[in-house]
Protein chains: 2
Amino acid sequence: MSDRTHQRNDQDDSQGALAQLQAFLAAKEYPLNTRLPPERSLCAELGVNRTALRKALAVLEAEGQIWRHVGRGTFIGTKPVDNINDVGFISRRTNPAEVMEARLLIEPELARLAALSATSADIAEMQHCIRKTKTASEWRVYEAWDNKLHRAIAQATRNNLLLALFDTLNMVRRATVWGRLRTAKPTPDPGHHSFAEHDALVAAIANRDMDLAAACMRRHLETVRRKLLGSTENGG
Amino acid sequence: MSDRTHQRNDQDDSQGALAQLQAFLAAKEYPLNTRLPPERSLCAELGVNRTALRKALAVLEAEGQIWRHVGRGTFIGTKPVDNINDVGFISRRTNPAEVMEARLLIEPELARLAALSATSADIAEMQHCIRKTKTASEWRVYEAWDNKLHRAIAQATRNNLLLALFDTLNMVRRATVWGRLRTAKPTPDPGHHSFAEHDALVAAIANRDMDLAAACMRRHLETVRRKLLGSTENGG
DNA sequence: TTTTCAACCAATCAAAAAATGGTATCAATC
DNA sequence: GATTGATACCATTTTTTGATTGGTTGAAAA
């Protein structure tokens with residue numbers, strides 16, 4: 001058998017596997033995103049050795065007709081894009097400085113919109129949270145109500161999407177490792193800076209003063225950042 | 001044994017369990033989000049029967065100091081908000097008006113920070129996207145590069161958390177049903193309003209003019225909103 | 001009647017087992 | 001010798017299985 005014949009036989013074999021695979025897929029009419037049988041099963045079913053089958057599969061993958069993934073299988077269609085909105089995924093790629101920067105960027109604007117959109121029930125809820133922070137005798141309790149206050153402001157925007165984004169930010173914040181940054185006095189101080197800042201913030205929202213509400217929130221968060229991370233980088 | 005005595009003993013018992021549990025927690029000083037031992041172990045450790053322990057735990061849960069979940073355990077702090085990170089979940093609860101409002105609230109601030117933090121490579125990427133939008137002959141291509149431009153600005157903040165939040169917002173926007181709102185001319189117009197607005201925006205970022213960058217982004221998005229939803233509600 | 005205890009239930013988690021696409025190895029074949 | 005084909009092995013993922021945990025029920029005990 002000559003070299004030429006040899007080569008033609010090889011081509012025939014691989015092309016045969018590809019043709020057989022295509023015929024198989026055409027006959028089955030798999031819907032999109034269907035997982036087709038594992039390679040080892042397809043080998044037996046099509047009567048082709050695995051190497052030839054994988055070459056045929058590689059052709060179809062290059063054409064974008066299928067996509068494969070180790071451990072999962074081979075699927076009809078194109079590979080879906082990764083949805084990496086997972087809180088754990090994000091929090092593993094951020095740090096306290098970024099979290100504070102994000103809060104400083106978003107929450108003042110939430111307060112501004114809340115001043116426009118808050119209902120009186122929203123404002124009552126904020127004032128309730130403030131009262132609770134003032135009577136808290138433990139930091140754990142204080143922080144719980146401080147959390148609720150900030151969420152109440154996000155909710156007062158009356159925008160479900162903004163509220164969802166705030167919740168995501170909040171979950172990342174709570175999942176972030178703050179280490180020694182959060183060490184503080186054993187019990188909340190009656191003269192704690194946040195009390196006056198919270199009062200001014202909610203008062204601005206109640207007065208529908210959008211600019212002042214944003215400014216109060218920014219001032220409050222900058223105080224928090226200064227306490228946590230030290231003085232700001234640009235010194236304002 | 002009189003009824004009165006009997007009742008006092010009951011109170012003593014349950015209050016005793018609660019007091020013992022509180023003492024236990026105070027002694028351990030568990031950090032936030034710590035899982036404390038399962039009820040069956042706590043029973044043995046505190047020498048209290050499970051019913052009394054569960055009553056005490058219920059009190060602490062009502063106070064917001066702990067939260068419990070079947071199969072998981074009991075945790076210090078308040079129950080975290082449910083998984084509202086799912087894009088499908090959010091987009092089912094929002095609408096085009098909310099999406100535009102959220103973009104108008106967040107993206108100008110992203111542009112402001114980008115003006116401060118962008119590298120020259122970031123700015124080159126933005127200019128590249130702008131060039132591509134101008135040569136696009138189909139809306140699909142135009143929108144792809146417009147998308148990349150806005151994402152490049154978010155990336156230029158050099159803040160992974162903000163970028164993740166922007167991506168979430170973006171995915172919700174793309175998953176939102178816009179219906180007839182998006183109907184437009186068949187092909188991009190050379191005099192399309194976005195071209196000049198994009199140019200001014202990226203120029204402001206390149207000049208490190210934070211206020212101007214934010215203003216340009218706001219003006220651009222307000223134009224988009226006007227085109228999509230008609231005139232703004234408050235008439236500005 | 002009330003309290004206590006054990007058993008059970010549904011949800012959850014964690015570790016083991018199986019499955020799957022990718023790769024190396026080596027004999028078989030031309 | 002070079003190529004092919006079968007086998008075994010690898011890394012990743014899915015499925016399965018058993019244990020764990022908060023919640024509930026019902027009978028026994030006080």
What's the CG-P distance between A/L57 and C/dT23, to the nearest Å?
14 Å
Looking only at side-chain N and O atoms, does B/T74 come under 4.0 Å of OP1 or OP2 in D/dG22?
yes
Any stems for DNA chain C, made of 3 or more Watson-Crick or G-U pairs in a row, each with both distances under 3.5 Å?
C:1-30 with D:1-30
Shortest non-hydrogen contact from B/L53 toward B/V48
N-CG1, 4.0 Å
B/K55 has an atom NZ; how far is it from atom P of C/dT2, in whole Å?
10 Å
Check: B/F75 and B/T34 side chains under 4.5 Å, non-hydrogen atoms:
no
Would you kindly give the NZ-to-C1' distance between A/K79 and D/dT13, to the nearest whole Å?
13 Å
Phosphate-side-chain proximity, B/H69 and C/dA11, N/O vs OP1/OP2 below 4.0 Å:
no
Is it true that the side chains of B/T74 and B/E39 contain a donor and an acceptor less than 3.5 Å apart?
no
Does a side-chain N or O from B/R54 land closer than 4.0 Å to OP1 or OP2 of D/dG23, or not?
yes
Hey, are A/N49 and A/R54 close enough side-chain-wise for a donor-acceptor pair under 3.5 Å?
no
Hey, can you pull the residues of residues 31-41 of chain A with a non-hydrogen atom under 4.0 angstrom from DNA chain C?
A/R35, A/P38, A/E39, A/R40
For B/L60 and B/L18: C-alpha separation, side-chain torsions, deciding distance, then whether side chain to side chain contact (heavy atoms under 4.5 Å, CB included) applies.
CA-CA 9 Å; B/L60 263 57; B/L18 179 56; 3.4 Å; yes
Atom-to-atom span, CD of B/E61 to C1' of D/dT21 - whole angstrom
14 Å
Side-chain donor-acceptor contact under 3.5 Å, A/N147 with A/R173
yes
Could you give the CG-to-P distance, from B/L53 to C/dT4, as a whole number of Å?
12 Å
Go nucleotide by nucleotide along DNA chain C from the 5' end; which of B/V70 and A/R72 gets its closest nucleotide reached first?
B/V70
Nearest whole angstrom, please: distance from the P of C/dC13 to the CZ of B/F75.
8 Å
With side chain to side chain contact (heavy atoms under 4.5 Å, CB included) as the criterion, how do A/E101 and B/L113 come out once you've worked through the C-alpha distance, each side chain's angles and the decisive distance to 0.1 Å?
CA-CA 10 Å; A/E101 189 173 58; B/L113 181 55; 3.6 Å; yes
Is it the case that the ring center of A/H150 lies less than 6.0 angstrom away from the ring center of A/H220?
yes
For A/R50 and D/dT7, what is the distance between atoms CZ and C1' respectively, to the nearest whole Å?
10 Å
Phosphate-side-chain proximity, A/R68 and C/dG22, N/O vs OP1/OP2 below 4.0 Å:
yes
Check the pair B/Y30 / B/L25 against side chain to side chain contact (heavy atoms under 4.5 Å, CB included), numbers first and verdict last.
CA-CA 7 Å; B/Y30 287 121; B/L25 293 180; 3.9 Å; yes
Rounded interatomic separation in angstrom, taking CG from B/L42 and C1' from D/dG22
12 Å
